[in-house]
Structures are given as C-alpha cells and as structure tokens.
Amino acid sequence: MSVRVRFAPSPTGFLHIGGLRTALYNYLFARHNNGTFVLRIEDTDQSRYVEGAEQDIIDSLEWTGMEIDEGPGKGGDFGPYRQSERKEIYLKYAEQLIENDQAYYAFDTVEEIDEMRERLKKSGNPSPKYDAITRQSMKNSLTLPKDEVEKRLENGDEYVVRLKVPRKETVRFEDEIRGHVSFDTEGLDDQVLLKSDGMPTYHLANVVDDHTMEITHVIRGEEWLSSTPKHILLYNAFGWEAPKMAHLPLIMSPSGGKLSKRKAESEGIPVNTKDYISGNYEPDALVNFLAYLGWSPGDDSEIHSLEELCELFTLDRVSKGGAVFNFKKLMWYNENYIREHSVEELKPRVKALFEESKFEIPSNEFLTEVIELLHERVSKVDEFVSMGAFFFEAPKEYDPNALKKWKDDSPVILKAYRDKIEQLSEEEFEAVTLKDKIKETIEEHEVGFGKLMMPLRVAVSGQGFGPDLTPALELIGKEEVLKRIDLAIEKL
RNA sequence: GCCGCGUUCGUCUAGGGGUCCAGGACGCCGCCCUUUCACGGCGGUAGCACGGGUUCAAAUCCCGUACGCGGUACCA
C-alpha cells in the first residue's frame with residue numbers, strides 16, 4: 001500500500017511555526033516514500049474559526065516549497081478536504097457506533113455535567129469523569145427509557161454522542177517514534193464524538209477522515225499522544241485498522257515550555273510562518289533549520305535543500321525529547337543560504353526591497369556591485385537595505401557606537417585624506433588608488449590604519465561596520481564622498 | 001492531583017554494551033588571514049540528571065528518584 005499522510009491544521013489563526021514543522025515532517029515522509037501529502041482543514045470548532053487562516057496555511061506551505069498533493073482548492077479523490085463540509089459523513093458514522101452499542105446519546109446540559117464534577121470532587125474524587133461509572137447516573141440513552149430517548153430526539157432536544165469507553169482495559173499501541181505506549185481506559189472519559197451543534201469533535205473527525213482518506217501514517221505533535229488511546233478505541237469500535245502513529249517532539253521556547261505566541265515573541269522569536277515571510281527570511285533556511293529541530297540524518301551534515309531532506313528523512317531518526325528553538329542557529333542557516341544564492345538570484349528581491357524603501361537605483365550595474373559588496377556580510381536579505389542605504393544617500397545620523405572611534409585627531413587626518421583624493425580625476429577615483437592614498441596619509445601622519453579607516457567609514461556610511469570600504473567609495477563617487485567627509489568634519 | 005511522554009556540552013544533535021577519558025553544529029572565547037568590515041581557516045570552552053541493579057564491561061539494558069514537558073473540555 002502506498003504511503004498517504006496528512007497535515008491537518010485547524011484554521012484558528014496563522015500557521016504556527018510548530019505546525020509548519022509538523023507539515024514539513026509529513027511532507028518529507030511522503031516524498032521519501034513516494035507517497036501522497038494531503039492537506040486537510042480541521043474546522044470543526046466554529047467558534048474558533050478565523051477568516052483567512054486557511055489561505056495563510058496554503059500560502060505558508062507554498063512559500064516553503066512543499067507541494068500539496070490533495071487538499072481544499074487542489075482536489076483529490078478523497079474530498080472534500082474541509083471537515084465542515086463532511087458533516088453528514090460523521091453523523092452517519094456516529095449513528096453506526098450507536099447502533100453497535102459502542103456509543104450513546106447523552107442529553108446532559110453543560111451545567112449538569114459541571115454539577116456532577118463538582119459533586120464528585122467534593123466526595124474526594126480529584127479528577128471526575130463522565131465514564132463507565134458516572135454515565136449510569138446521567139441522562140443518556142443508556143439510562144433513560146427507550147421511548148424517552150426517542151421522544152427527546154424527535155423533539156429536537158440537544159444531545160451529544162459519547163463514546164462508550166470500556167471500564168478497565170489497557171490500550172496499547174506502537175508509536176513509530178516512541179515505541180511501545182500504553183494507557184489504561186480508567187483514565188479516559190466517555191469522549192464526546194458529536195457535539196450538540198452537530199459538528200464532530202476532533203477525535204471522531206480525525207479517525208473517520210484518516211480512515212476514509214486511507215491515511216497510512218499519522219504524524220502529529222506530541223500534544224496528541226494522550227488522546228491517541230481514544231482514537232485507537234474508535235478504530236476498534238469501527239472495526240478498522242488504525243494507521244501507524246508517530247508523535248513528534250514539541251518545539252520549546254528557550255525559557256522552557258511550549259513555544260507559545262506570547263512567550264516566543266517576548267524572546268524575539270517570530271511564531272507565525274507569515275512573520276518569516278514578511279520578515280524576509282530565506283524559506284530554504286527555515287526549512288533546513290526546522291528539519292533539524294528534532295531530527296538529524298545521523299551524519300555530520302548540516303546543510304540540505306528540501307529535495308535532499310526528502311531523500312534523507314526517516315521517522316526512526318526523529319528524536320523523542322522536546323527541542324528548544326535556537327534563533328541564532330536559524331540566523332546562521334539564513335546567512336548560509338544567502339551566501340549560497342548568487343547575486344543574480346538575489347537581485348530581484350533586493351531590488352524590490354530597495355524600491356520599497358524609496359531608494360532610486362541608478363543602474364543595474366550599480367545594484368550588482370552593491371549586492372556583491374554586501375553579499376558576505378548580511379544575515380537577512382533586508383539587511384542589504386539597512387546596511388547598504390549609504391550607497392544611495394548620505395547618512396542621516398552617525399551610529400553612536402561607531403562614533404567611539406572618532407577621536408580628537410580624526411578631523412585632521414580625515415581632512416588630509418580628503419584633500420588628497422580631491423586631486424584625483426573621476427577616472428582615477430577607484431578602489432586601488434583610494435587605498436594607496438589611505439596608506440600615504442597614515443604614513444605621513446605616522447598613525448595606524450584604523451586611525452583613518454574608522455573615521456572615514458563613519459563619515460561615509462554612518463556606521464562602524466560594513467562592506468569593503470574603498471570599493472564602496474568608488475561606487476559612491478568622488479563628489480558625494482567629498483561632500484560626506486566635509487559634512488562629518490563639520491558636524492563631529 | 002491523576003495519566004502519559006521525555007532527560008548526552010548553554011542550544012540542536014551523533015552515539016543501539018566494549019573501537020567514547022563521548023563526535024559534529026550553533027553560540028561563546030582565542031589565533032591566523034585581512035594595515036578597514038566581513039567571509040574563511042585553525043584551535044579552545046563545555047555534556048552522558050541522580051541512585052540502585054544486570055554484565056568481565058553501560059551514555060547505551062532494567063528498576064526507582066528527581067526534574068521537564070504534554071494531556072486531563074460539547075478546543076484542536
């Protein structure tokens with residue numbers, strides 16, 4: 001049987017970076033096995049539905065280069081791929097379970113259930129459940145006379161369908177990542193399968209869909225591990241074979257705990273995929289980084305394209321423990337990929353960014369040189385703009401940090417250099433010559449290289465770091481360079 | 001509380017009983033290259049949570065403890 005996996009996010013907001021990794025692992029697994037990657041939208045909670053979330057998910061996947069084989073908008077033989085559009089299917093299966101005495105109608109109101117929990121808590125039960133014991137004293141089709149149940153259903157009374165969880169049984173399953181896992185049903189409650197609004201809960205929908213969509217491997221986050229026994233019970237109740245299960249370690253925040261929006265962002269980590277898109281990160285860097293958060297190919301390699309990752313990925317190499325999101329490592333990946341990309345590849349994106357910032361690009365050659373000069377120095381593609389703005393305009397202000405290098409004798413030395421290069425013709429105003437003049441100047445003043453270099457850099461760029469200086473001067477041009485030096489001497 | 005899952009350098013990880021006084025990567029530190037900023041190269045720092053077994057031999061297997069994380073909803 002060919003491999004079929006699904007990424008099944010719920011459209012309750014923008015795609016979380018953890019969700020993206022889950023998608024990635026599913027995708028890699030699918031491609032590695034020549035299988036099918038399905039996108040399924042789990043929109044069964046109408047109260048949490050967020051407009052645009054589904055599109056955000058699709059856009060995010062596309063940005064990273066993951067191709068969806070089946071899904072909403074894409075089609076496929078197992079649709080529809082939105083759970084809200086499959087409502088009748090779940091109803092049918094829920095009724096089937098009731099018929100087979102595997103599930104039952106329950107008419108209790110939320111208040112009545114709360115009351116029951118309160119009561120049990122008071123009498124010393126720390127974790128009251130709607131289970132094999134308590135269901136006997138609740139209002140459901142197991143306790144109510146048959147005709148009353150029918151009457152209530154006919155009247156359109158609100159009800160839910162609950163799974164009849166056996167009282168004392170051990171549910172065992174083999175997790176592809178964790179190995180043998182077992183739970184006692186005693187700790188489970190009679191899971192609601194069908195909500196009173198007619199929508200299925202995640203548990204029912206996911207089991208029905210995974211089965212009817214012929215999913216072979218369920219690869220999802222560890223937060224689902226605890227509900228897996230309910231799912232296994234459901235597969236058994238239907239008489240279906242359960243797919244293979246693989247529970248991924250969670251991505252943690254540097255301060256510990258699940259990488260939640262609030263926590264992550266307070267620690268400087270963007271949490272939504274769209275933040276990485278708008279933040280101009282390299283998609284292949286993010287993918288590479290995410291792939292290695294909880295997985296490794298087992299050798300000493302670090303850099304792999306999506307295609308290579310597909311080739312390398314196997315579930316048995318996924319680690320079990322949670323993985324802390326290491327932002328600096330992401331940035332390392334990002335730098336790496338920027339350097340790997342050629343100037344030509346980078347150019348359209350950099351051009352757009354400059355234009356966004358209202359800089360006028362004099363010529364294609366000019367832009368090429370700017371990119372070349374900065375290529376090895378930027379961590380993120382938008383830094384071409386922040387770091388390279390001075391190619392386009394005089395610094396508006398001087399970085400206070402860089403100004404520490406501006407000493408009392410700086411104006412004198414700088415002035416000397418200025419007067420030297422002023423003698424140069426336009427044609428002579430090129431990097432090598434400019435560098436020679438620097439040498440001349442420092443020799444005459446008997447100072448070190450930095451004594452001139454740093455003030456010059458500050459005067460021209462406003463910063464203490466940046467591209468190779470003399471080629472930058474050449475690119476900016478004689479007139480403008482002289483102007484900036486004069487301005488700096490005057491202002492500083 | 002209860003249930004479950006985890007635990008190798010600060011972080012991501014390699015490591016399936018001897019070849020491990022534990023390897024790689026990020027970070028950090030130093031040196032080299034560069035009379036600037038970087039890239040790059042080289043080197044260093046630092047870890048098997050703890051306690052008991054099993055075994056000639058344990059990071060590796062078993063049991064406990066601690067700690068962490070997850071779940072415990074008509075949310076997914």
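Letters A, B, ... mirror the listed sequences (proteins, then strands); counts begin at 1.
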Which part of the nucleic acid, if any, lies within reach of [X] when heavy atoms closer than 4.0 Å are counted: base, sugar-phosphate only, or nothing?
X        : result
A:Gly448 : nothing
A:Arg178 : sugar-phosphate
A:Met454 : sugar-phosphate
A:Arg220 : nothing
A:Ser47  : nothing
A:Gly450 : nothing

Tell me: [atom1] of [X] to [atom2] of [N], nearest whole Å?
X        : N     : atom1 : atom2 : value
A:Glu446 : B:U35 : CD    : C1'   : 16 Å
A:Phe327 : B:C12 : CZ    : C1'   : 16 Å
A:Lys380 : B:A38 : NZ    : P     : 19 Å
A:Glu340 : B:G40 : CD    : C1'   : 15 Å
A:Lys320 : B:G16 : NZ    : C1'   : 10 Å
A:Asn336 : B:A38 : CG    : P     : 18 Å

TODO: Assess A:Lys274 against A:Phe14: is NZ or CZ under 6.0 Å from the centre of the six-membered ring, and within 45 degrees of the ring's axis?
DONE: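 Relative to the ring axis of A:Phe14, which defines the angle, A:Lys274 lies inside both limits.
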Open item on the list: Which residue in the set A:Tyr337, A:Trp332, A:Phe325 passes ring pair (Phe, Tyr, Trp, His ring centres under 6.0 Å) when paired with A:Phe289?
Closed with: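 When ring pair (Phe, Tyr, Trp, His ring centres under 6.0 Å) is applied between A:Phe289 and each of A:Tyr337, A:Trp332, A:Phe325, only A:Phe325 qualifies.
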Task: Among A:His247, A:His203, A:His211, ring pair (Phe, Tyr, Trp, His ring centres under 6.0 Å) partner for A:His231 - done: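 So, applying the ring pair (Phe, Tyr, Trp, His ring centres under 6.0 Å) to A:His231 and each of A:His247, A:His203, A:His211, only A:His203 qualifies.
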Task: Parallel, tilted or perpendicular: ring planes of A:Tyr281 versus A:Phe327, cut at 30 and 60 degrees - done: perpendicular
TODO: Measure up the A:Phe313 and A:Tyr25 rings against each other and bin them: parallel (under 30°), tilted (30 to 60°), perpendicular (over 60°).
DONE: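 Tilted: the ring planes of A:Phe313 and A:Tyr25 meet at 30° to 60°.
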- [ ] Write down the atom of A:Glu302, the atom of A:Tyr333, and the distance for their closest heavy-atom approach.
- [x] O-OH, 2.9 Å
- [ ] Determine whether A:Ile338 and A:Glu383 make a side-chain contact, defined as any pair of heavy atoms from C-beta on separated by less than 4.5 Å.
- [x] no
Task: Side-chain heavy-atom pair A:Leu475, A:Phe391 within 4.5 angstrom cut-off - done: yes
TODO: Treat primed atoms plus P, OP1 and OP2 as sugar-phosphate and everything else as base, then score nucleotides 61-76 of chain B 5' to 3': B for base contact with protein heavy atoms under 4.0 Å, S for sugar-phosphate contact only, - for none.
DONE: --------SBS-SBBB
Open item on the list: For A:His341 and A:Glu345: C-alpha separation, side-chain torsions, deciding distance, then whether side chain to side chain donor-acceptor pair (under 3.5 Å) applies.
Closed with: CA-CA 6 Å; A:His341 293 151; A:Glu345 273 178 285; 4.5 Å; no
Open item on the list: Let me spell it out: for each of A:Asp316 and A:Leu293, pick the nucleotide of RNA chain B with the closest heavy atom. Which residue's pick is nearer the 5' end?
Closed with: A:Leu293
TODO: If B:G10 has a Watson-Crick or G-U wobble mate with both distances under 3.5 Å, name it; if not, just say none.
DONE: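 By the stated definition (distances under 3.5 Å), B:C26 pairs with B:G10.
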- [ ] Please work out whether B:C21 sits syn or anti, treating a glycosidic angle within 90° of 0 as syn.
- [x] anti
All N/O pairs under 3.5 Å across the protein-nucleotides 19-30 of chain B interface:
from, atom 1, to, atom 2, distance (Å)
B:A25, O4', A:Glu302, OE2, 2.8
B:A25, O2', A:Lys329, NZ, 3.2
B:A25, N3, A:Lys329, NZ, 3.3
B:C26, OP1, A:Trp332, NE1, 3.4
B:C26, O2', A:Lys329, N, 3.4

Task: Distance below 4.0 Å between A:Arg339 side-chain N/O and B:G40 OP1 or OP2 - done: yes
